**Student:** 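One structure, as structure tokens, below. Some questions next.
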Amino acid sequence: MEIGSQIAAVGTRIASLLLVVPLYIAFPVIMVVVGLSASRLARLDVPATRALVFSGSTRNSRVVLPLALALPESLSVAALAVVPQTLVELVGMVILVRLVPRLTGRAHRLSGR
């Protein structure tokens with residue numbers, strides 16, 4: 001199933017779905033900090049740091065959709081929640097493409113690398 005198959009139903013539950021958007025935004029922010037901290041602790045080089053930050057920051061929401069669609073009807077909102085999650089994830093990755101090189105360069109200069 002595609003994300004597009006859920007978009008029509010999202011409109012009917014938009015108020016409930018908007019409640020989880022701050023959590024979807026907080027996740028990559030927290031994971032960038034965790035990734036940078038872990039890379040510093042492990043003394044990773046810049047490419048490995050960037051890989052760690054990106055892989056930690058994305059939840060791969062499209063992988064979750066088939067699992068959410070398999071849930072009982074009473075939990076159908078879970079499949080709908082994947083739509084805003086995907087949108088937030090895409091916007092977040094676009095931002096991180098510009099931000100992570102700056103953060104990893106700065107983090108490594110501060111640590112003496």
Side-chain angles (χ1 to χ4, degrees):
M1 287 256 159
E2 286 289 327
I3 294 290
S5 69
Q6 302 303 306
I7 289 178
V10 166
T12 63
R13 304 288 297 265
I14 194 73
S16 347
L17 294 172
L18 287 177
L19 295 173
V20 295
V21 169
L23 295 172
Y24 295 155
I25 294 170
F27 183 83
V29 171
I30 292 167
M31 289 310 295
V32 165
V33 173
V34 169
L36 291 172
S37 300
S39 72
R40 195 172 292 166
L41 283 172
R43 297 187 174 139
L44 299 177
D45 61 5
V46 172
T49 297
R50 290 177 181 175
L52 179 64
V53 170
F54 274 100
S55 64
S57 298
T58 184
R59 292 173 301 277
N60 240 338
S61 56
R62 298 218 34 214
V63 173
V64 176
L65 183 58
L67 300 172
L69 288 170
L71 292 172
E73 183 63 32
S74 61
L75 299 173
S76 64
V77 73
L80 300 180
V82 173
V83 175
Q85 179 181 357
T86 301
L87 295 174
V88 168
E89 192 173 290
L90 288 172
V91 170
M93 289 299 107
V94 169
I95 292 168
L96 288 179
V97 163
R98 301 289 285 177
L99 185 65
V100 168
R102 293 180 183 147
L103 292 175
T104 55
R106 186 179 314 137
H108 286 279
R109 280 195 297 276
L110 292 176
S111 66
R113 294 170 126 191

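Quantities reported herein were computed from a predicted structural model and do not represent experimental measurements. We use all heavy atoms of the structure for the numbers below, so side chains are in, but hydrogens, waters and symmetry mates are not.
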**Student:** Considering all heavy atoms of both residues, which atom of L52 and which atom of A38 are nearest to each other, and what is their separation?
**Tutor:** CD2-CB, 3.9 Å

**Student:** With the 4.5 Å side-chain cut-off for hydrophobic clustering, are L103 and V97 part of the same group?
**Tutor:** yes

**Student:** Got a donor-acceptor contact below 3.5 angstrom from the T104 side chain to the P101 backbone?
**Tutor:** yes

**Student:** Taking ILVMFWY side chains as joined if any heavy atoms are under 4.5 angstrom apart, and letting links pass through other members, which residues group with V94?
**Tutor:** none

**Student:** Rounded to the nearest 0.5 Å, what separates atom CG in L65 from atom CG in L80?
**Tutor:** 9.5 Å

**Student:** Of all heavy-atom pairs between L19 and P22, which one has the smallest distance, and what is that distance?
**Tutor:** O-CD, 3.4 Å

**Student:** Suppose the criterion is side-chain hydrogen bond (donor to acceptor under 3.5 Å, both in side chains): which pairs have a residue in residues 17-38, not counting sequence neighbours?
**Tutor:** none

**Student:** Using the side-chain contact (heavy atoms from CB on, under 4.5 Å) criterion, which residues pair with L90? Sequence neighbours excluded.
**Tutor:** T86

**Student:** Are any non-hydrogen side-chain atoms of I14 and L18 less than 4.5 angstrom apart?
**Tutor:** yes

**Student:** Hey, mind stepping through V91 and I95 against side-chain contact (heavy atoms from CB on, under 4.5 Å) and telling me if it holds?
**Tutor:** CA-CA 6 Å; V91 170; I95 292 168; 3.9 Å; yes

**Student:** Using side-chain contact (heavy atoms from CB on, under 4.5 Å) as the criterion, list what pairs up with L96, not counting sequence neighbours.
**Tutor:** V32, F54, S57, M93, L99, V100

**Student:** Could you list the residues that satisfy side-chain contact (heavy atoms from CB on, under 4.5 Å) with V77, not counting sequence neighbours?
**Tutor:** R13, L17

**Student:** Distance from Q85 atom CD to L23 atom CG, nearest 0.5 Å?
**Tutor:** 10.5 Å

**Student:** Say you draw a straight line from CD of E89 to CD1 of I25; how long is it, rounded to the nearest 0.5 Å?
**Tutor:** 13.0 Å

**Student:** Run the side-chain contact (heavy atoms from CB on, under 4.5 Å) test against A78 and tell me which residues pass, sequence neighbours left out.
**Tutor:** A68, L71

